[in-house]
Asks: 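There's a structure below that I have some questions on.
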Amino acid sequence: MTNSPKVNKTILPLIVVYGITTAFLILGKKQLLGWGVDPSVVIVGNLLLFAVSLVSLLLYQRAMSHPTTLGFLRNTYSGLFLKLLVCLIAVIIYILIERERVNKPAIFACVFLYFLYMLLEMRSLMQWNKARRNA
């Protein structure tokens, strides 16, 4: 058994934010529609960002644990490019499907969520690394 911190504690903040955000989007559907934001677009974006953030966080953890510089860079860039490509592909698919009905406020809400998940990822990663070094 290793002394490294468990992954569950690292991903817990992401799970909590995903749950709270999803609940807000479902319960506040009427208010969001009043603001011109399509909640279904933001719910799908939130789910996508949550999933890709989990994978990215695990890749970043592997990067920080890797003994070689090449392994560190490979895992770090993999996490970064994964997030960027998945988000880019999702936006392109959404724009191609909706054409003239693209909901720009929903896209901006998803951009906000992207930065929120990114900050949580980095915070969790820093805490994980600190706990790993102190163990």
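This is a predicted model, so every value here is computed, not measured. Any value given below was found using the heavy atoms of this structure, including those in side chains, with hydrogens, waters and symmetry copies removed.
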Asks: Supply the atom-to-atom distance L25 CG to I20 CD1, rounded to the nearest 0.5 angstrom.
Replies: 12.0 Å

Asks: Using the side chain to side chain donor-acceptor pair (under 3.5 Å) rule, collect all pairs that involve residues 14-31, keeping only residues at least two apart or in two chains.
Replies: T22-N46

Asks: Apply side-chain contact (heavy atoms from CB on, under 4.5 Å) to V55 and list each qualifying residue two or more places apart in sequence or on a separate chain.
Replies: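 Listed in chain order: L59, L82.
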
Asks: Once side-chain contact (heavy atoms from CB on, under 4.5 Å) is applied, do any residues pair with M126, and if so which ones, sequence neighbours excluded?
Replies: none

Asks: If you group Ile, Leu, Val, Met, Phe, Trp and Tyr by side-chain heavy-atom gaps below 4.5 Å, do M118 and L54 land in one group?
Replies: yes

Asks: At their closest point, which heavy atom of C110 faces which heavy atom of G45, and how far apart are they?
Replies: SG-CA, 3.9 Å

Asks: How close do P105 and G36 get, counting heavy atoms only, and between which atoms?
Replies: CG-O, 3.6 Å

Asks: When you group the ILVMFWY residues by side-chain heavy-atom contacts below 4.5 Å and let the links chain together, are L27 and W35 in the same group?
Replies: no

Asks: Got a second to check how far N75's CG is from L70's CG, nearest 0.5 Å?
Replies: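 Separation between the atoms: 9.5 Å.
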
Asks: For L85, what residues pass the side-chain contact (heavy atoms from CB on, under 4.5 Å) criterion, not counting sequence neighbours?
Replies: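 Expected list: none.
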
Asks: Would V16 and L119 show up in the same hydrophobic cluster when neighbours are defined by side-chain heavy atoms closer than 4.5 Å?
Replies: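 In one cluster: no.
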
Asks: Any donor and acceptor pair, going by atom type alone, linking the side chain of N134 with main-chain N or O of K130 inside 3.5 Å?
Replies: yes

Asks: With side chain to side chain donor-acceptor pair (under 3.5 Å) as the rule and sequence neighbours excluded, what pairs involving residues 99-113 come up?
Replies: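 As it turns out, the side chain to side chain donor-acceptor pair (under 3.5 Å) pairs with a partner in residues 99-113, which skip direct neighbours, are E98-R101.
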
Asks: Would you mind listing every salt bridge (Lys or Arg N to Asp or Glu O under 4.0 Å) that reaches into residues 42-61, with sequence neighbours excluded?
Replies: none

Asks: Would a 4.5 Å heavy-atom cut-off, applied to side chains only, mark F112 and I107 as touching?
Replies: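 F112 vs I107: side chains apart.
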
Asks: Do V37 and L116 land in one hydrophobic cluster if side-chain heavy atoms of ILVMFWY residues count as linked below 4.5 Å?
Replies: yes

Asks: Is the shortest heavy-atom distance from the side chain of I15 to the side chain of F50 under 4.5 Å?
Replies: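 A side-chain contact exists here, since the closest heavy-atom pair is under 4.5 Å.
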
Asks: Going by distance alone, is a donor N or O of one side chain under 3.5 Å from an acceptor N or O of the other, for T10 and Q127?
Replies: no

Asks: Do the side chains of L33 and V42 join up, straight or via other hydrophobic residues, at under 4.5 Å, putting them in one cluster?
Replies: no

Asks: Of the non-hydrogen atoms in S53 and Y117, which two are nearest, and what is the gap between them?
Replies: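 Minimum heavy-atom contact is OG-CB, 3.4 Å.
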
Asks: About how many Å separate OG of S124 and CG of L14, when rounded to the nearest 0.5 Å?
Replies: 5.5 Å

Asks: Restricting to non-hydrogen atoms, name the atom on F72 and the atom on A63 that form the minimum distance, rounded to 0.1 Å.
Replies: CD1-O, 3.1 Å

Asks: Per the side chain to side chain donor-acceptor pair (under 3.5 Å) rule, what does the pair list look like for residues 76-89, sequence neighbours excluded?
Replies: K83-E121

Asks: Which residue pairs pass the salt bridge (Lys or Arg N to Asp or Glu O under 4.0 Å) test with at least one member in residues 11-20, sequence neighbours excluded?
Replies: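 Counting only pairs at least two positions apart or across chains, no salt bridge (Lys or Arg N to Asp or Glu O under 4.0 Å) contact touches residues 11-20.
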
Asks: Under the rule for side chain to side chain donor-acceptor pair (under 3.5 Å), what residues qualify as partners of T68, not counting sequence neighbours?
Replies: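 Checked T68 against side chain to side chain donor-acceptor pair (under 3.5 Å); matches are H66.
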
Asks: What are the two closest non-hydrogen atoms of L32 and P39, and how far apart are they?
Replies: CD1-CB, 4.0 Å

Asks: Among residues at least two apart in sequence or on other chains, which ones pass side-chain contact (heavy atoms from CB on, under 4.5 Å) with L48?
Replies: V86, A90

Asks: Under the side chain to side chain contact (heavy atoms under 4.5 Å, CB included) rule, what do C87 and V111 come out as? Steps first, then yes or no, please.
Replies: CA-CA 9 Å; C87 291; V111 169; over 6 Å; no

Asks: Could you go step by step and tell me if V91 and Y94 meet the side chain to side chain contact (heavy atoms under 4.5 Å, CB included) rule?
Replies: CA-CA 5 Å; V91 169; Y94 173 64; 5.6 Å; no

Asks: Run L58 and R62 through side chain to side chain contact (heavy atoms under 4.5 Å, CB included) and show every step you take.
Replies: CA-CA 6 Å; L58 295 175; R62 280 181 47 193; 5.9 Å; no

Asks: Mind checking who shares a hydrophobic cluster with I92, ILVMFWY linked at side-chain heavy-atom distances under 4.5 Å?
Replies: L88, L96

Asks: Show the nearest heavy-atom pair for residues Y60 and G79, with the distance to one decimal.
Replies: OH-C, 3.8 Å

Asks: Remaining members of I97's ILVMFWY cluster at a side-chain heavy-atom cut-off under 4.5 Å?
Replies: I89, I93

Asks: Could you measure the distance from the OG1 atom of T69 to the CZ atom of R74? Nearest 0.5 Å is fine.
Replies: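 Spacing of OG1 (T69) from CZ (R74) equals 11.5 Å.
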
